[in-house]
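Single-structure report; data block below.
Order of the sequence lines sets the chain letters (A, B, ...), proteins ahead of strands, with each chain counted from 1. As a basis for the values below, the full set of heavy atoms in this structure was taken, side chains included, without hydrogen atoms, waters or symmetry mates.
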Number of protein chains: 2
Amino acid sequence: MRHVRGAVVSEYEHTCLIRGDGGRTLRAVLDRICNKWTLLIVATLDQGNVRFTDLHHQIPGISQRMLTLTLRNLERDGLVSRTVYAEVPPRVEYALTAIGKSLIPPALALAGWAIEHVPHIEASRAAYQDRSR
Amino acid sequence: MRHVRGAVVSEYEHTCLIRGDGGRTLRAVLDRICNKWTLLIVATLDQGNVRFTDLHHQIPGISQRMLTLTLRNLERDGLVSRTVYAEVPPRVEYALTAIGKSLIPPALALAGWAIEHVPHIEASRAAYQDRSR
DNA sequence: CAGTATCCTTAGCGATACTG
DNA sequence: CAGTATCGCTAAGGATACTG
């Protein structure tokens with residue numbers, strides 16, 4: 001319960017965090033986060049410094065192209081740091097920044113919700129299919 | 001704390017919630033949630049029963065088409081209920097189901113993160129732009 | 001009021017091949 | 001090792017017009 005201009009406001013008002021500016025702030029995040037590989041990469045980088053090839057091996061199914069692109073976006077947004085070592089053969093290590101790390105708890109909240117509810121959602125989808133036949 | 005091949009492993013192991021099945025469960029949710037309108041609609045429906053036209057007015061910028069499509073998907077996944085009243089003119093009310101409501105806390109976690117970090121992220125993007133000029 | 005139907009553009013992604 | 005470059009597909013979404 002919260003108070004706004006003296007009135008007691010029920011829980012639903014919290015959702016103004018979501019609807020706030022017409023959803024623009026939330027969407028700014030969703031647009032960066034909700035692509036196919038970002039959260040997987042962030043979760044993988046949570047173990048510390050990781051090299052390009054290690055990421056490639058630890059994330060099944062990702063192509064070099066998408067790994068590079070997603071890492072560039074994460075670097076550009078300041079969630080991931082990229083360190084190049086002047087060696088031969090070249091070595092590049094990626095790591096989460098403080099902001100990158102701070103993304104993990106909310107991501108875990110979503111993952112927890114997923115694990116809890118996805119089975120029911122899939123059942124619901126299947127039932128919906130049957131109805132329209 | 002857990003041990004892997006004799007080494008002590010810290011918190012990062014929590015992220016197996018995300019990486020678990022190669023990220024399939026999490027992606028099943030992200031795929032439904034991360035489109036442009038879903039979370040906005042869910043947040044708007046948190047106020048209770050809402051009619052189609054009310055949703056249309058309360059969500060700035062959404063087209064009839066996308067409102068219908070997104071609502072259908074939410075209904076199909078069991079997050080939203082749809083009630084048709086046999087009246088003239090027609091009346092249709094949408095509401096969150098229990099599962100739909102349960103999505104709000106994780107969504108708020110993400111929205112909170114967004115509000116806290118998006119300014120810094122945008123600054124980082126701008127700086128990145130400048131560097132490549 | 002509460003939708004459908006149609007057309008169209010763009011962004012995301014995969015596959016493949018090549019390189020400093 | 002750590003990437004680029006190019007091509008091609010598909011799905012998301014917007015604009016507009018129509019309807020039981």
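When the nearest nucleotides of DNA chain C are assigned to B/Asp54 and A/Asp31 by heavy-atom distance, the more 5′-ward of the two goes with B/Asp54.
Counting heavy atoms from C-beta outward, B/Leu67 and B/Leu71 have side chains that approach closer than 4.5 Å. Between A/Leu55 and A/Arg51 there is no side-chain heavy-atom pair separated by less than 4.5 Å. A heavy-atom distance below 4.5 Å is found between the side chains of A/Lys36 and B/Arg27. Counting heavy atoms from C-beta outward, B/Arg32 and B/Val29 have side chains that stay 4.5 Å or more apart.
Here B/Leu40 pairs with A/Ile18, B/Trp37, B/Ile59 under the side-chain contact (heavy atoms from CB on, under 4.5 Å) rule; sequence neighbours left out. Remark: B/Val88 engages no residue in a side-chain contact (heavy atoms from CB on, under 4.5 Å) (not counting sequence neighbours). In this view, A/Thr38 and A/Asn35 satisfy the side-chain hydrogen bond (donor to acceptor under 3.5 Å, both in side chains) rule, not counting sequence neighbours. For A/Asn49, the side-chain hydrogen bond (donor to acceptor under 3.5 Å, both in side chains) test picks out A/Glu93, with sequence neighbours left out. A/Arg65 is linked by a side-chain hydrogen bond (donor to acceptor under 3.5 Å, both in side chains) to nothing, counting only residues two or more places apart in sequence or in another chain.
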Under 3.5 Å donor-acceptor pairs involving side-chain atoms of residues 100-118 of chain A, not counting sequence neighbours:
residue: A/Ser102; atom: OG; partner: A/Ile99; partner atom: O; Å: 2.6
residue: A/Ser102; atom: OG; partner: B/Trp113; partner atom: NE1; Å: 2.9
residue: A/Ser102; atom: OG; partner: B/His117; partner atom: NE2; Å: 3.3
residue: A/Trp113; atom: NE1; partner: B/Ser102; partner atom: O; Å: 3.1
residue: A/Trp113; atom: NE1; partner: B/Ser102; partner atom: OG; Å: 2.9
residue: A/His117; atom: NE2; partner: B/Ser102; partner atom: OG; Å: 3.3

Could you pull out all donor-acceptor pairs under 3.5 Å where a side-chain atom in residues 75-86 of chain B meets a protein atom, sequence neighbours excluded?
residue: B/Asp77; atom: OD1; partner: A/Arg125; partner atom: NE; Å: 2.7
residue: B/Ser81; atom: OG; partner: B/Ala95; partner atom: O; Å: 3.4
residue: B/Arg82; atom: NE; partner: B/Tyr94; partner atom: OH; Å: 3.1

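Look at CG on A/Leu30: it is 16 Å from C1' on C/dG12, rounded to the nearest Å.
Near-neighbour residues of DNA chain C inside residues 32-39 of chain B, defined by a heavy atom below 4.0 Å, are absent. Heavy-atom distances under 4.0 Å link DNA chain D to A/Pro89, A/Pro90, A/Arg91, A/Val92, A/Tyr94 of residues 87-96 of chain A, given in residue order. Proximity of residues 56-84 of chain A to DNA chain C (heavy atom under 4.0 angstrom from any strand atom) is restricted to A/Arg65, A/Met66.
Not a single donor-acceptor pair under 3.5 Å links the side chain of A/Ser124 to the backbone N or O of A/His120. Checked by atom type and distance alone, the side chain of B/Glu122 never pairs as donor or acceptor with a backbone atom of B/Pro119 at under 3.5 Å.
Atom NE2 of B/His56 has more than 12 heavy atoms from other residues, nucleotides or ligands within 6.0 Å.
None of A/Ile62, A/Leu96, A/Val50 except one satisfies the side chain to side chain contact (heavy atoms under 4.5 Å, CB included) rule with A/Ile41; the exception is A/Ile62.
Note that the first and last nucleotides of DNA chain D, 5' to 3', having any atom under 4.0 angstrom from a heavy atom of chain A are D/dC1 to D/dT6.
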(request) Report the secondary structure of DNA chain D in dot-bracket form, marking unpaired bases with a dot and bases paired to a different strand with |, and treating Watson-Crick or G-U pairs with both distances under 3.5 Å as paired. (result) ||||||||||||||||||||
